[in-house]
Amino acid sequence: MKRLLYYSQLRRDSESEFRRTVNVEIESLRSDWADQGLSDVSIFVSQLYVFIYAETAHPSAQTEWRWPLHYSRLLESWPADPLSSLELKNMSRLAVPLIDIFHDGIPERYDSWREHRQVGDRIGSIACLRPEMTASYIYYHFQKQEEEASSFNETYIIGLFGTLIFSYHELPSFISEHKRQGCLNSRQTPANWHEVMQPHFRSRKDEAGRDLLWMRMDRINGSI
């Protein structure tokens, strides 16, 4: 199976209408997702940002996230992917895939990944990297991913679009009985992980005036 992360951007002043539309159309959307071979879909919203998490049991197929075309009144359009015949036909797209830059686990089969556990919460968060620190952030995360594979929550995954990063994970934390063997035999991951990560972020202020690195997003009700 395969895990997908996508990013869409709302048109200005359309967040409320977008939320209402998704909730009203949730049954038809679920039917569309099933037709696309997608499952366990979550849609997260904050301000102009929309992130999508989904899974597919057909990793070899050209499974892509697609919004119905009438969502173009609510979402910004992106140039078509030159490798996608469907997008070239339409000449635009309403969502772009994120680059997977970190995953604690890699699901192999749906039955071992989904059927034997309950999900209490699905959490999506966003942060912004300093442009000059993006390569360092990716380097450290690949190193941790392969040196300490399946170490804390196999559902945790981070995707990248420009300097914008989105993380998704489920609670309670899940670690399978058979841990994945990473491709690195080194042991260079810093013990003071959070201290090393802090300079990579462009922080923002919360309502109390405190520096905030990660911002938790709202998950639209009914998106699963």
By salt bridge (Lys or Arg N to Asp or Glu O under 4.0 Å), which residues pair with [X], not counting sequence neighbours?
X: E148; answer: K144
X: R114; answer: D40, E55, E170
X: E27; answer: R30
X: D218; answer: R19

Under 3.5 Å, sequence neighbours excluded: what are the donor-acceptor pairs made by side chains of residues 181-193?
residue, atom, partner, partner atom, Å
S186, OG, E147, OE2, 2.6
T189, OG1, E147, OE1, 2.7
N192, ND2, E195, OE1, 3.3

As a quick check of understanding, evaluate side-chain hydrogen bond (donor to acceptor under 3.5 Å, both in side chains) for E25 and H70, giving each step before the final call. CA-CA 12 Å; E25 298 182 353; H70 64 273; 3.1 Å; yes

Using 0.5 Å steps for rounding, measure from the CG atom of L75 to the CG atom of L94. 5.5 Å

Atom CD1 in I165, atom CD1 in I99: separation rounded to 0.5 Å? 12.5 Å

For [X] versus [Y], what's the shortest heavy-atom pair and its separation?
X: T56; Y: G37; value: OG1-O, 3.0 Å
X: S46; Y: M215; value: OG-CE, 3.2 Å
X: F166; Y: W214; value: C-CZ3, 4.5 Å
X: I175; Y: S150; value: CG2-O, 3.8 Å
X: A54; Y: L38; value: CB-CD2, 4.3 Å

With a 4.5 Å cut-off on side-chain heavy atoms, are [Y] and [X] touching?
X: L160; Y: F102; answer: no
X: I157; Y: R3; answer: yes
X: S77; Y: Q9; answer: no
X: Y49; Y: L10; answer: no
X: E76; Y: S8; answer: no
X: I158; Y: H141; answer: yes
X: S151; Y: D104; answer: yes
X: E15; Y: L48; answer: no

Following the transitive rule for hydrophobic clusters with a side-chain heavy-atom cut-off under 4.5 Å over Ile, Leu, Val, Met, Phe, Trp and Tyr, establish whether I126 and I138 coincide in one cluster. no

Flag yes if V41 and I123 sit in one hydrophobic cluster, no otherwise; membership is Ile, Leu, Val, Met, Phe, Trp, Tyr, and two members link when side-chain heavy atoms are under 4.5 Å apart. no

Between the side chains of R73 and E17, is the shortest nitrogen-to-carboxylate-oxygen separation below 4.0 Å, so that they form an ion pair? yes

Heavy-atom neighbours of L171 CG exceed 12 at 6.0 Å: yes

Check whether more than 12 heavy atoms from other residues, nucleotides or ligands sit under 6.0 Å from atom NE2 of H178, and answer yes or no. no

Looking at [X] and [Y], would you say the former's side chain and the latter's main chain have a donor-acceptor pair under 3.5 Å?
X: T155; Y: H169; value: no
X: S42; Y: Y53; value: no
X: R66; Y: R93; value: no
X: H200; Y: M197; value: yes
X: S14; Y: L74; value: yes

Answer yes if the ring centres of W67 and Y6 are under 6.0 angstrom apart, and no otherwise. no

Partners passing side-chain hydrogen bond (donor to acceptor under 3.5 Å, both in side chains) against Y140 (at least two apart in sequence or in another chain): none

Are F201 and Y137 close enough, and set up right, to give a ring-ring contact (aromatic ring centres under 6.0 Å, His included), and what steps lead you there? CA-CA 9 Å; F201 294 94; Y137 186 85; 5.7 Å; yes

Could you give me the CA-CA distance, side-chain angles and deciding distance for Y7 and W65, then say whether ring-ring contact (aromatic ring centres under 6.0 Å, His included) is met? CA-CA 10 Å; Y7 171 54; W65 173 269; over 10 Å; no

Knowing that exactly one of F44, Y156, F51 qualifies, which makes a side-chain contact (heavy atoms from CB on, under 4.5 Å) with Y168? F44

